[in-house]
Visitor: 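The following block contains the structure, expressed as structure tokens.
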2 protein chains.
Amino acid sequence: MTKEKSEPEAVALAVEPGVQRPRERIFVCAQDLFHRRGIRGVGVDAIAEAAGTNKMTLYRHFGSKDELILEYLNYKGRKSDEVWTEIEAASPGDPIGQLYGFVDKAAKFIAEDERGCDLANAAVELTEEGHPGLRVIEEFKVRQRDRLARLCGAAGASRPELLADALVLLIEGARVSRRSVGTEGPSANLVRTSKAVIASFGVPPRTKHRSQPKAANRRIHRGK
Amino acid sequence: MTKEKSEPEAVALAVEPGVQRPRERIFVCAQDLFHRRGIRGVGVDAIAEAAGTNKMTLYRHFGSKDELILEYLNYKGRKSDEVWTEIEAASPGDPIGQLYGFVDKAAKFIAEDERGCDLANAAVELTEEGHPGLRVIEEFKVRQRDRLARLCGAAGASRPELLADALVLLIEGARVSRRSVGTEGPSANLVRTSKAVIASFGVPPRTKHRSQPKAANRRIHRGK
DNA sequence: GAGGTTTGTTACCGATCGGTAACAGCATTG
DNA sequence: CAATGCTGTTACCGATCGGTAACAAACCTC
């Protein structure tokens, strides 16, 4: 099992000590390391060191690694919730625009980050059945889907619940596919596919397209 | 980090020693443990013990844990390839039937097993960049998608490559969603969604439906 | 300046990690 | 029978795991 640290590998986030309290630095570094190396792939020592502090201080603020994991998962869920307010602010009172905005945003996240959904990844890593983190993940995913279903309904979809499930599958699949085969794989067609599915549910294309992507490089087949 | 073994937990596979050579027993147990607890969640000692042998014998057959992982990933890919021959045998000369059979089979696998795709899970766990296992995973996923694209073309889809990508996203998403929110989540609508997408690409419904699922319990909305 | 709180430091703990050396037992095959 | 090749056993290696005790230094507040 070849290890992957030894060197500080560009020093996680270069959190200079003093600018924030240790607890904040620890939490920020834990997010970054959990995201990049996985929950089981990083130890508490590495987190503390990346945060410019030590293990003892970590354990004073987070009773255990599991507690830190829980706070990490809850934070990721909260941060994803905030994206919704962004989407609503971008197309106020325009559910159709919000629906397409949601898909666009998901595609952008996927293109920019190779590690996929932190919560879904955590669900793969937390194999001890009954781990409290699994509940956090499930609750978030259900909340996200229901919110999307409501939006689909507001946009006039014929069967909003079914459309929401379809979009969830497409986006979730794009995240994991992007991890396995990269940006050139099936995830490259997420937006195109989603729009086709949305249209097949009777939702019209968005009218006031406030940021149409530049019409260049529209390709369906990846090079092969 | 609460551990999850201590007890032999129903003794992995109850591989009685003697019936197979140690190498086979080790490999079978490694598959089961990697699948259930994740690659990083199980050590070589646990594998050897579950196989009724010891670590030394394991290392005589597999030079390292990484080699064992590689053989595991390659085996999983090969086994998935075999599913294709089953599908073709079930609907010989009937690409449309094979296409629907592919979706049905995926849905069945997802309903029966909560752990999702072993290869996709491994891609999440193998975070050390450049790990040889990642290449195995990518090659398999590309191979699988291209095969599906060819089938979509044979079935008369209007844009077979795009349909293949859409189906890959749906299925991949269903696997990961099933892990996060269970069988009652969006993955419950995988078949329904896939059929709608397939139809929207101009592929007619299958004619010689050789095993129509019992018309009962067809529900779109899960209870909420 | 005194008091209490938050930190850093060092040294531990038992357990597990991946991996190896040396040797004894056992079976097969000639 | 002897020789060879698997296998099991034990003990070990250095490193890391999650987690803790004890004490000194720094800090902030009054």
Side-chain angles (χ1 to χ4, degrees), chain A residues 1-9 15-30 33-34 37-72 125-128 131-133, chain B residues 1-9 15-30 33-34 37-72 125-128 131-133:
Chain A
M1 207 59 163
T2 47
K3 272 294 175 177
E4 45 187 317
K5 16 174 311 190
S6 31
E7 308 187 34
E9 63 173 85
V15 179
E16 57 269 52
V19 35
Q20 286 170 315
R21 308 304 300 271
R23 195 199 141 90
E24 298 306 315
R25 303 197 316 255
I26 290 170
F27 192 56
V28 168
C29 288
L33 290 173
F34 283 159
R37 301 218 281 250
I39 289 178
R40 284 198 296 212
V42 55
V44 285
D45 281 298
I47 296 172
E49 187 189 344
T53 177
N54 49 65
K55 196 166 47 170
M56 203 55 242
T57 301
L58 187 151
Y59 275 101
R60 287 196 188 101
H61 290 287
F62 307 90
S64 66
K65 186 184 180 182
D66 273 336
E67 273 187 34
L68 180 56
I69 293 172
L70 270 182
E71 197 152 326
Y72 163 72
E125 285 203 282
L126 301 179
T127 57
E128 27 183 334
H131 190 290
Chain B
M1 209 58 163
T2 47
K3 272 296 176 176
E4 44 188 317
K5 16 175 308 191
S6 29
E7 308 187 33
E9 61 172 88
V15 179
E16 58 268 53
V19 36
Q20 286 170 315
R21 307 305 299 270
R23 195 198 142 92
E24 298 305 315
R25 303 196 316 254
I26 290 170
F27 193 55
V28 168
C29 288
L33 290 173
F34 283 159
R37 301 218 282 251
I39 289 178
R40 283 197 298 213
V42 54
V44 285
D45 281 297
I47 296 172
E49 187 189 344
T53 178
N54 50 65
K55 195 166 48 170
M56 203 54 241
T57 300
L58 187 151
Y59 274 101
R60 288 196 188 100
H61 291 286
F62 307 90
S64 65
K65 186 184 179 181
D66 272 336
E67 273 187 34
L68 180 55
I69 293 171
L70 270 182
E71 196 153 326
Y72 163 72
E125 284 203 282
L126 300 180
T127 56
E128 26 182 333
H131 190 290

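The figures that follow rest on heavy atoms only: side chains count, while hydrogens, waters and symmetry mates do not. Lettering follows sequence order; numbering is per chain, from 1. What you see is a predicted model, and the numbers here were worked out from it, not measured in a lab.
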Visitor: Can you tell me the distance, in whole Å, between the CZ atom of B:Arg23 and the C1' atom of D:dC6?
Guide: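 Atom CZ in B:Arg23 sits about 14 Å away from atom C1' in D:dC6.
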Visitor: Below 4.0 angstrom, N of the basic side chain to O of the carboxylate: do B:Glu128 and A:Arg37 qualify?
Guide: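 Here B:Glu128 does not pair with A:Arg37 in a salt bridge, since their nearest N and O are not under 4.0 Å apart.
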Visitor: Distance check needed: C:dT6 C1' versus A:Gln20 CD, whole Å only.
Guide: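 Atom-to-atom, A:Gln20 to C:dT6, this comes out as 16 Å.
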Visitor: If a protein heavy atom is under 4.0 Å from the base, mark B; if only from the sugar-phosphate, S; if neither, -; do that for nucleotides 21-30 of chain D going 5' to 3'.
Guide: BB--------
Visitor: Provide, to the nearest angstrom, the distance between the CG atom belonging to B:Leu68 and the P atom belonging to C:dC17.
Guide: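 Atom-to-atom, B:Leu68 to C:dC17, this comes out as 14 Å.
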Visitor: List in chain and number order the residues that pass ring pair (Phe, Tyr, Trp, His ring centres under 6.0 Å) with A:Phe27, two or more places apart in sequence or in another chain; answer none if no residue qualifies.
Guide: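 With sequence neighbours excluded, A:Phe27 shows a ring pair (Phe, Tyr, Trp, His ring centres under 6.0 Å) to A:Tyr75, given in chain and number order.
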Visitor: Distance alone, cut at 3.5 Å: any donor-acceptor contact between the side chains of A:Thr57 and A:Arg23?
Guide: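 On atom types as modelled, these side chains do not qualify, holding no pair under 3.5 Å.
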Visitor: Taking CG from B:Asp45 and P from D:dT9, how many angstroms apart are they, rounded to a whole number?
Guide: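 Going from B:Asp45 (CG) to D:dT9 (P), I get 14 Å.
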Visitor: Closest to the A:Val44 side chain: C:dG19, D:dG18, D:dG8?
Guide: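 Shortest atom-to-atom distance from the side chain points to D:dG18.
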Visitor: Once you round it to whole Å, what is the distance between P of C:dT16 and CZ of B:Arg37?
Guide: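 Atom CZ in B:Arg37 sits about 12 Å away from atom P in C:dT16.
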Visitor: Under the ring-ring contact (aromatic ring centres under 6.0 Å, His included) rule, what pairs show up with a residue in residues 45-72 of chain A, not counting sequence neighbours?
Guide: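 Of all non-adjacent pairs touching residues 45-72 of chain A, those that pass ring-ring contact (aromatic ring centres under 6.0 Å, His included) are A:Phe34-A:Tyr72.
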Visitor: Going by side-chain hydrogen bond (donor to acceptor under 3.5 Å, both in side chains), name the residues that satisfy it together with A:Glu24, two or more places apart in sequence or in a different chain.
Guide: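 Residues passing side-chain hydrogen bond (donor to acceptor under 3.5 Å, both in side chains) with A:Glu24: none at all.
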Visitor: Is the phosphate of D:dT7, meaning OP1 or OP2, less than 4.0 Å from a side-chain N or O of B:Thr53?
Guide: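 Indeed not, no polar side-chain atom of B:Thr53 lies that close.
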Visitor: Name the closest nucleotide to the B:Arg21 side chain, picking from D:dT7, C:dT7, C:dG8.
Guide: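 Between D:dT7, C:dT7, C:dG8, the one nearest the side chain of B:Arg21 would be D:dT7.
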Visitor: B:Asp66 has an atom CG; how far is it from atom P of C:dC17, in whole Å?
Guide: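 Whole-Å distance recorded here is 15 Å.
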Visitor: Nearest whole Å is fine: how far is D:dG19 C1' from A:Glu67 CD?
Guide: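 My rounded result for the distance is 13 Å.
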Visitor: Under 4.0 Å between a Lys/Arg side-chain N and an Asp/Glu carboxylate O for A:Lys55 and A:Glu49?
Guide: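 Not counted as a salt bridge, because no side-chain N and carboxylate O are separated by less than 4.0 Å.
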Visitor: If you check every side-chain atom of A:Lys55, which of C:dG8, D:dT20, C:dC17 has the closest atom?
Guide: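 It is D:dT20.
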Visitor: Nearest whole angstrom, please: distance from the C1' of C:dT7 to the NE2 of A:His61.
Guide: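 Nearest whole value for this atom pair: 8 Å.
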Visitor: At less than 4.0 Å, is any side-chain N or O atom of B:Thr57 found next to OP1 or OP2 of D:dG8? Yes or no.
Guide: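 Checking D:dG8 against B:Thr57, a side-chain N or O does come within under 4.0 Å of OP1 or OP2.
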Visitor: Mind checking what makes side-chain hydrogen bond (donor to acceptor under 3.5 Å, both in side chains) contact with B:Arg60, not counting sequence neighbours?
Guide: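 B:Arg60: no side-chain hydrogen bond (donor to acceptor under 3.5 Å, both in side chains) contacts found.
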